[in-house]
Amino acid sequence: MAAEGFQTARGTRDVLWPESWQMEAMRDLALSWAARFGYTLIETPIVEKSGVFLRLGETTDIVQHERYRFVDAGGEDLTLRPEGTAAVARAFIQHGFAEAPQPVRLCYFGPMFRRERPEAGRYRQHTQFGAELYGSDSPLADAEVILLALGLVDMAGLKQPEARINSIGCQVCRPAYRQALIEFFSQRQDQLCADCQVRLRQNPLRLLDCKVDVALREDAPDVQAFWCDDCRNHITAVIDLIREAGYRIERDRHLVRGLDYYTRTVFEVGHPTLGRQVALFGGGRYDGLTAGLNGPWVPAVGFGMGIERLLSALPAPLPMPVAARVYVAHLPHFEREGYRLARDLRAQGFAADSDLLDRSLKAQLKEAGRRATIAVIVGGREWADGLVTVRDLGRAEQETVERDQLANYLRQKIQEDQA
RNA sequence: GUGGAUGUAGCUCAGUUGGUUAGAGCACCAGGUUGUGGCCCUGGGGGUCGGGGGUUCAAGUCCCCUCAUUCACCCCA
């Protein structure tokens with residue numbers, strides 16, 4: 001296409017109808033579903049001081065190079081938000097939510113930015129829905145956010161998601177596991193890929209989800225053997241609660257998450273139709289993330305969900321409302337009359353428009369057939385008698401109606417059609 | 001960031017070993033029906049062949065660069 005002109009920046013796109021409407025429908029579905037659990041919507045800014053996201057972890061690619069970070073004209077170091085959790089945590093602290101009645105339930109829905117190589121279903125700007133539950137360290141809380149996410153996927157029409165869960169331990173038991181991993185992989189250092197050589201020093205847990213050294217990890221120590229009693233009871237309870245709700249979930253001992261702030265529970269849910277896009281949603285427990293942002297220590301758990309991915313995985317689009325649309329066609333010399341009639345109809349609550357190109361009646365009805373269910377034809381012989389013609393475009397039937405009875409007639413007609 | 005493939009009309013795509021005014025289907029517009037859509041028929045509009053440079057008498061076609069898309073890696077919210 002026109003290379004001389006402007007196009008969307010790499011990895012970004014225009015969302016056109018009807019997908020734009022699908023996004024809105026998903027937003028409505030997500031927010032109303034979350035509201036049933038008591039989650040209130042929070043809209044954080046798209047841009048934050050860069051420090052907010054620095055604590056995501058020193059070894060994370062998001063932090064290392066996949067961010068939109070810039071210094072603005074005033075010298076401020078800013079970053080386009082790559083995910084929701086850190087920004088919501090910042091807001092939690094800023095507004096003193098730790099002093100509010102606990103638990104605090106917040107959800108968000110909006111664009112996230114990440115500068116990675118574009119692929120199908122992977123955009124530099126994508127939309128995420130997420131929920132964060134603060135103030136409870138109970139497994140009931142973990143289960144709640146997972147059930148919230150699974151329930152949304154279910155309501156959107158996607159069946160049989162593949163849910164995986166793991167516990168990466170807590171401050172009590174994780175150090176020993178971490179040490180065991182380091183020892184295991186150090187002995188096999190010559191077999192590790194280049195990236196894993198680095199991970200071994202910086203974040204040994206991530207060796208487990210390396211896609212290169214898959215054979216090695218099979219023999220790596222299982223975190224299960226290192227769990228303390230609290231961690232063991234916690235993950236067991238979470239899994240029970242999910243299954244009790246009727247969902248399938250399996251423990252995956254190789255599951256660790258890309259972000260460094262997680263403790264105990266981590267989970268990821270995918271779907272076979274997504275293929276390489278991997279995760280539909282993912283999340284976990286991040287007790288104390290708020291303390292890392294210079295706030296109070298608060299237990300928390302949450303998830304983030306990729307909306308574009310969810311929409312692309314749906315077997316059928318979300319239902320579109322079939323609004324009855326009225327098209328006002330006009331006979332020669334009655335363009336203004338049609339225009340005014342459409343205006344009146346809109347004022348009375350109808351979705352109505354008229355021809356703006358002074359086209360032939362034939363052309364007008366052709367357009368009406370494309371985008372309306374009812375055509376009102378004004379002008380000609382009937383106009384002098386105070387009549388208009390109402391044509392049912394679906395049934396190809398029409399009758400003349402008194403102009404001042406038109407609104408009532410249409411209302412009744414639309415009601416009958418919907419019944 | 002690495003490697004491969006692709007880029008021709010709004011959309012989906014043809015374009016023979018380089019060779020006249022670059023095509024089709026769908027979509028759009030008009031007419032056939034001077035007051036009636038969906039089907040049909042006829043006609044029409046719309047393209048600097050992603051962009052730039054090069055080779056050549058001649059480039060959509062060959063070469064280089066660049067931009068974009070896509071697939072596989074990497075990574076993942």
Side-chain angles (χ1 to χ4, degrees), chain A residues 1-13 16 53 56 59-67 81-88 108 110-124 126-130 149 193-196 199 206 209-212 256-259 261-262 266-270 274-284 302-310 327 329-334 357 359-383 389-398 400:
Chain A
M1 323 303 156
E4 289 289 330
F6 289 110
Q7 304 178 24
T8 49
R10 186 175 164 96
T12 65
R13 66 201 185 112
L16 307 177
F53 302 114
L56 296 182
T59 63
T60 309
D61 286 283
I62 298 172
V63 172
Q64 286 175 344
H65 52 261
E66 295 182 354
R67 292 183 306 171
R81 63 180 185 194
E83 54 99 45
T85 298
V88 174
Y108 59 87
M112 304 294 165
F113 302 85
R114 182 169 178 176
R115 198 185 176 290
E116 43 179 15
R117 181 101 172 228
E119 256 180 68
R122 302 176 59 172
Y123 306 100
R124 289 180 169 184
H126 71 282
T127 309
Q128 255 186 67
F129 167 63
C193 68
D195 288 332
C196 283
R199 290 186 185 119
R206 302 227 58 206
D209 70 347
C210 176
K211 307 300 186 295
V212 182
V256 295
R257 301 276 302 162
L259 301 173
Y261 49 60
Y262 290 110
V266 291
F267 55 86
E268 214 167 272
V269 173
L274 281 169
R276 288 238 10 110
Q277 295 172 36
V278 190
L280 213 47
F281 69 84
F303 73 87
M305 179 183 291
I307 297 300
E308 284 85 357
R309 287 181 181 183
L310 176 57
Y327 186 91
H330 66 86
L331 291 161
H333 314 300
F334 285 85
L357 302 173
R359 288 183 284 198
S360 68
L361 182 59
K362 175 177 174 171
Q364 293 179 67
L365 285 172
K366 191 171 179 182
E367 188 184 355
R370 277 197 290 265
R371 39 195 304 253
T373 56
I374 297 167
V376 176
I377 303 165
V378 304
R381 294 184 293 274
E382 295 87 344
W383 190 257
T389 302
V390 177
R391 183 171 178 82
D392 183 319
L393 294 164
R395 299 203 185 97
E397 296 166 356
Q398 65 186 42
T400 52

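Chain letters run A, B, ... following the sequence lines, proteins first and then strands; every chain starts at 1. Keep in mind that what you see is a predicted model, and the values were worked out from it rather than measured.
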Note: contacts of residues 370-382 of chain A with RNA chain B (heavy atom, under 4.0 Å) are A:Arg370, A:Ile377, A:Gly380, A:Arg381, A:Glu382
Check the distance between [N]'s [atom2] and [X]'s [atom1] and give it to me in whole angstrom.
X	N	atom1	atom2	result
A:Arg67	B:rA77	CZ	P	16 Å
A:Glu116	B:rG1	CD	P	13 Å
A:Leu331	B:rG37	CG	P	13 Å
A:Gln364	B:rU34	CD	C1'	15 Å
A:Leu16	B:rC11	CG	P	11 Å
A:Lys366	B:rG31	NZ	C1'	11 Å
A:Tyr327	B:rU36	OH	C1'	13 Å
A:Tyr123	B:rU69	OH	P	10 Å

Once you apply the 3.5 Å cut-off to both distances, tell me the Watson-Crick or G-U wobble partner of [N], or none.
N	value
B:rU33	none
B:rG7	B:rC67
B:rU2	B:rA72
B:rU61	none
B:rA22	none
B:rG44	B:rC28

For the side chain of [X], starting at C-beta, report the closest nucleotide among [options].
X	options	value
A:His126	B:rG35, B:rA30, B:rA77	B:rA77
A:Leu393	B:rU36, B:rA30, B:rG37	B:rG37
A:Leu361	B:rA77, B:rG35, B:rG37	B:rG35
A:Glu83	B:rA77, B:rA30, B:rG32	B:rA77
A:Thr389	B:rA30, B:rA77, B:rU36	B:rU36
A:Gln128	B:rA77, B:rG37, B:rG35	B:rA77

A side-chain contact here means heavy atoms from C-beta on lying under 4.5 Å apart; do [X] and [Y] qualify?
X	Y	value
A:Arg124	A:Arg114	no
A:Leu331	A:Ile377	yes
A:Phe129	A:Phe303	yes
A:Gln128	A:Tyr108	yes
A:Arg115	A:Pro82	no

Show each protein N/O and nucleotides 45-47 of chain B N/O combination with a separation under 3.5 Å, one pair to a line.
none

Query - A:Arg371 to A:Tyr327 six-membered ring, cation-pi geometry met (6.0 Å, 45°) - result: no
Regarding [X], tell me which of base, sugar-phosphate or nothing describes its non-hydrogen contacts under 4.0 Å with the strands shown.
X	result
A:Gln398	base
A:Gly302	nothing
A:Arg391	base

- Verify side chain to side chain contact (heavy atoms under 4.5 Å, CB included) between A:Thr389 and A:Glu382, making sure each step is shown before the conclusion. CA-CA 8 Å; A:Thr389 302; A:Glu382 295 87 344; 3.7 Å; yes
If only atom types and distance count, is the side chain of [X] paired as donor or acceptor with the main-chain N or O of [Y] below 3.5 Å?
X	Y	result
A:Arg309	A:Ala279	yes
A:Glu308	A:Thr127	yes
A:Glu83	A:Ala86	yes

Check: For B:rU69, does OP1 or OP2 lie under 4.0 Å from any side-chain N or O of A:Arg10?
Finding: yes
